[in-house]
Each structure stands twice: as C-alpha cells, then as structure tokens.
Amino acid sequence: MKKDSSSLKIALLSVHSCPLQKLGGEDTGGMSVYIRELARELGSRGHQVDIYTRAHDPRDQQVYYLDTNVRLIHIEAGRVEEINKLAIFPHARDLARNLNRFKRQNNIEYDVIHSHYWLSGLVGLWLHQWWNIPHVTMFHTLGAVKNTVGIGELEPELRITSERDVAAGCDRVIAATKRERNDLINYYGASADNIAVIPCGINLDLFSPVDMQLARQRLGMNGHKVILYVGRINPLKGLDSLIEAVNHMNDADVRLVVVGGDHEQNHSDKLVDYAGQIDHSELPYYYSAADVCVIPSHYETFCLVALESLACGTPLVATDVGGIGSLIKQGENGHILEDNDPERMAHAVKTVLAGKYPKNAARDAVLKYDWSNIVDVMIAQYRSVSSKSLN
Ligand code: UDP
C-alpha cells in the first residue's frame, strides 16, 4: 500500500447524501460510493479525511470512524430528519455555520475542501472564504445537461445558477470525462483552465470475477441466460427501454435481473426478477452470475456500474453516455449503442449472448481505473491548488 510523504487534512462535503445510506435508492448511488472509496484510499495513505453530511436521523452519533484516518461527521441544519434535496437549500448557510463551529471547537485545520454536488458546492464557497483554503468541487451530475436531455423532472433554475456560481467561485472543478468538461464550459461558461478531468475509480479487490456457477448458486439463480441491470430506478436510467428490449427478444431462456430501486422486497414477473437494493459488497456475485450487463441510460456523468461489470469480467451493452465509450472495445468486451432504441438493444444483447467475450478483455479495460491511480491524480490536484508546500 502506498504512503504519501506528507499528509493532507481534507474536508469532504457530502451535504445532502450520507455515505452510510443504503445504495440503489432514488438518491443514493455513484456519488456515495465515490466518496467512500476516495476517502478510504486517501486515509490508507496517511491523509486525514473528514466527510461532512447533514444530520438526518436522531439515532445517529455525531461522529463515526469509518476507515483508517476517515471520519463521518453529522452537522445539524434544520430538523434532524430525512428531507428532500431541494429542501436542504434554505438550511445550507446554517450548515456551513455549524460546520465552522465544529471545526473551531475541535481545533481542526484543513488544507483543502472537496465538495460533492451543487448543494455542498455552495457550502464549500462559504467555507473557502472563511477558512481561506482551496476549494475543489465535483458536480457528479449537471442540472443544465439533465434538462437538455429532457427526461424526468426539470431541474430548477436555482440549481443551474448555483452550479454556475460554484464553478466560477471554486479553485478547481474535477470533471469525470472530457464530455463533462465541455458541458461545464458550454452550459456554465466555466473557465477551461479551472477544470481537471479525472475519471472515476474502481475497487478492483472487491470487483473481481467469481466463477459463474458459484455466483449463481449463491444467488439461487437457475440455468437461464441472465441479463443484468444495476442502478437507481429513475427515468434517466432508461430501464423501460431495456424491459422493452427483453420483451422484444421473446426468448423464454432469458431473465432480466434488476438490482436497485426503492422497494425492499424482491419480486418477479414474466420477464424480470427485481432483486431490490443489494449491498455493494454482494454485487460482484451479481455481475459474475450475469451473461451480460446492460446500461440503457439517457445520461450518466461517468457510470460506476460500467467499471464494476467489466472488472468482474462481464461484457456490457450500453448507450454511449458518461465515460462508457472509453471503456468498451466494440465486439471484444461489449457493444456501444447509439441510442437506447429497444430493437437495436435487443439485437446487441443477442450478439453478446451468442458470442465469446473473454473475461480478461473486460477486466483489462478497467485496470488503469484502480482507485490507487485515480487518487494519485486527485492528490496532485489538491497539491496544485494548495498554498501549502507538501513535499
Ligand atoms: N449500487 C449498489 N446497490 C444497489 C444499486 C446500486 O451498491 O442496489 C451501486 C452500484 O454498485 C454503483 C452505484 O450504486 O456503484 C451506482 O453508480 P453509477 O455511477 O452507475 O450511477 P449513479 O447512481 O451515479 O447515477
């Protein structure tokens, strides 16, 4: 394990989403995984990481020790209960003040703030002024781009304006892809010099191939061909097109397994087994049990599911969104779709089911995304914006 020569103290802001919440619900997905993994890797190298989130459950302690050098800290702002993301906005200033008080009372000095999502970005702007330290931000999704895609609820102007302010007022925006970088420039007028492109990472120890028969036995799956969907269930994810595609295949030997969604109970219908929300640590078995994983999304910023599936050796059929285009070698580890037309999707899935897609061709494509490599580049960004000389 790498140890860095001089350690940083980093405040990670995840105001609206607690990284301890169950994954796969409406609002808990890639960003929570990202923050946990980034913090874990930074902590293992000797950096001190505090993740701040809004207190949302009276049963929670204020401070949890998650991993070596990593704490999760709940800060009160508004009533201590679950509220929707937009309802947090009026409490954002209180959250920043209370966080500042916690820092003062505990005599903590940070080197850098790293905020995640626009609500945390706003809090980051205030802290950046009060603490006089650099502020790095990541949006994870962009309201203006979601609105352009035009599927699902419209994002309010408040979000778009806030994203513009955060992009203009921070020291560095981390974009997950060149496409996100261009979107930041085109939709928000962000300065190109202020954006660094750093792809998302993957935990290759957790996500590695398991023998398909063993995985299926563990999950109680029978001998059908298995098409897998993993993710939140939200109109932008395009699950309806995938269900239509599987319908179109009209193959009694095929089952679609859907992982994620707010419902806890698993249930099945004619074509689909809904597994509900599954613990992240169980997912390697699902990917390994599947013949193909399909990502029918209309919009992704990067898409961790793509990295996870390939890391487990499972080929992908996916729309060309987020970072997926750079992961797939057409015909070797999957197929890229130009859109999520169900007939073309069905055709691509059949091609993969009938073909040979060696596990190592899938996994090799994601080796460079190991968190250790990604964190090297992230630390270089922290250092480049930091006034402190660390070497
Ligand atoms: N996930 C999970 N359990 C579930 C559903 C999803 O652990 O039941 C995880 C999945 O493994 C992935 C993340 O949620 O790490 C989804 O991230 P992605 O970037 O694909 O989509 P996002 O949620 O950011 O739109």
Side-chain angles (χ1 to χ4, degrees), residues 14 16-40 85 116-118 138-143 145-146 149 151-152 155 174-177 179-180 198-208 219 228-239 242 257-267 272-290 293-312 314 316-319 321-328 366 369 371 374:
S14 177
H16 80 283
S17 167
C18 172
L20 287 186
Q21 273 167 332
K22 223 170 167 195
L23 297 168
E26 175 58 34
D27 279 331
T28 47
M31 193 183 96
S32 305
V33 174
Y34 188 99
I35 291 171
R36 283 294 307 259
E37 293 290 336
L38 172 67
R40 194 198 322 269
K85 279 185 290 199
H116 297 266
Y117 198 69
W118 64 276
M138 284 179 74
F139 290 106
H140 293 271
T141 64
L142 292 170
V145 184
K146 280 176 92 170
V149 176
I151 290 173
E155 293 297 324
I174 308 294
T177 58
R179 186 182 278 166
E180 189 189 357
I198 305 182
C200 294
I202 173 83
N203 181 339
L204 289 170
D205 295 329
L206 174 62
F207 289 97
S208 66
L219 301 176
L228 179 68
Y229 168 92
V230 178
R232 296 176 296 114
I233 296 186
N234 168 299
L236 277 171
K237 293 282 183 182
L239 178 61
L242 173 56
V257 174
V258 172
V259 169
D262 271 332
H263 46 88
E264 295 273 334
Q265 312 93 322
N266 20 356
H267 69 281
V272 191
D273 295 326
Y274 292 92
Q277 290 169 256
I278 300 292
D279 273 356
H280 200 57
S281 57
E282 250 330 88
L283 284 179
Y285 298 101
Y286 280 84
Y287 290 117
S288 299
C293 176
V294 183
I295 300 171
S297 298
H298 298 277
Y299 171 53
E300 294 282 343
T301 305
F302 191 87
C303 192
L304 294 182
V305 165
L307 286 176
E308 293 164 3
S309 177
L310 293 172
C312 291
T314 307
L316 283 178
V317 167
T319 46
V321 290
I324 297 175
S326 58
L327 303 176
I328 293 193
V366 299
Y369 297 90
W371 267 114
I374 301 304

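One-based numbering along the sequence shown. Start at 1 and go down the list; that is how both ligands and their atoms are numbered.
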Ranked by distance from atom 10 (C) of ligand 1, the top protein heavy atom is Glu308 OE1, 3.5 Å
Taking only non-hydrogen atoms of Gly29 and a 4.0 Å limit, the atoms of ligand 1 in range are 13 (C), 14 (O), 16 (C), 23 (O)
Query - Backbone or side-chain N or O of Phe207 under 3.5 Å from ligand 1 N or O - result: no
With heavy atoms and a 4.0 Å threshold, my read on which part of Leu283 contacts ligand 1 is side chain
If we number the atoms of ligand 1 from 1 as shown, the ones under 4.0 Å from a heavy atom of Val259 are 4 (C), 8 (O)
Smallest heavy-atom separation, Ser208 atom then Pro284 atom, equals O-CB, 4.4 Å
| task | Taking atom types as modelled, find out whether Ser297 and Glu300 have a side-chain donor-acceptor pair closer than 3.5 angstrom. | result | yes
- Message: Pairs of nitrogen or oxygen atoms closer than 3.5 Å, one from His280 and one from ligand 1: do any exist?
- Response: yes
The protein heavy atom nearest to atom 16 (C) of ligand 1 is Gly30 N, 3.4 Å
*asked:* So, regarding Leu304 and ligand 1 (criterion: nitrogen or oxygen to nitrogen or oxygen, under 3.5 Å), is there a contact or not?
replied: yes
Margin query: Within the 4.5 Å heavy-atom criterion, are Val230 and Tyr287 side-chain neighbours or not?
Written below: yes
Smallest heavy-atom separation, Arg36 atom then Leu20 atom, equals NH1-CD2, 3.6 Å
In this structure, CE of Met138 is separated from OG of Ser14 (nearest 0.5 Å) by 11.5 Å
Closest to atom 8 (O) of ligand 1 (heavy atoms only, candidates Leu236, Val33, Ile278, Leu307) is Ile278
If you scan protein heavy atoms around atom 5 (C) of ligand 1, the nearest is Gly24 CA, 3.4 Å
Are side-chain N/O atoms of Thr141 and Thr301 paired as donor and acceptor at under 3.5 Å?
-> no
Of Arg232, Lys237, Gln277, the one whose closest heavy atom lies nearest atom 21 (O) of ligand 1 is Lys237
When every non-hydrogen atom of Ala311 is compared with those of Leu204, the smallest separation belongs to CB-CD2, 3.9 Å
In terms of heavy-atom contacts, Tyr229 and Val294 come closest through CD1-O, 4.0 Å
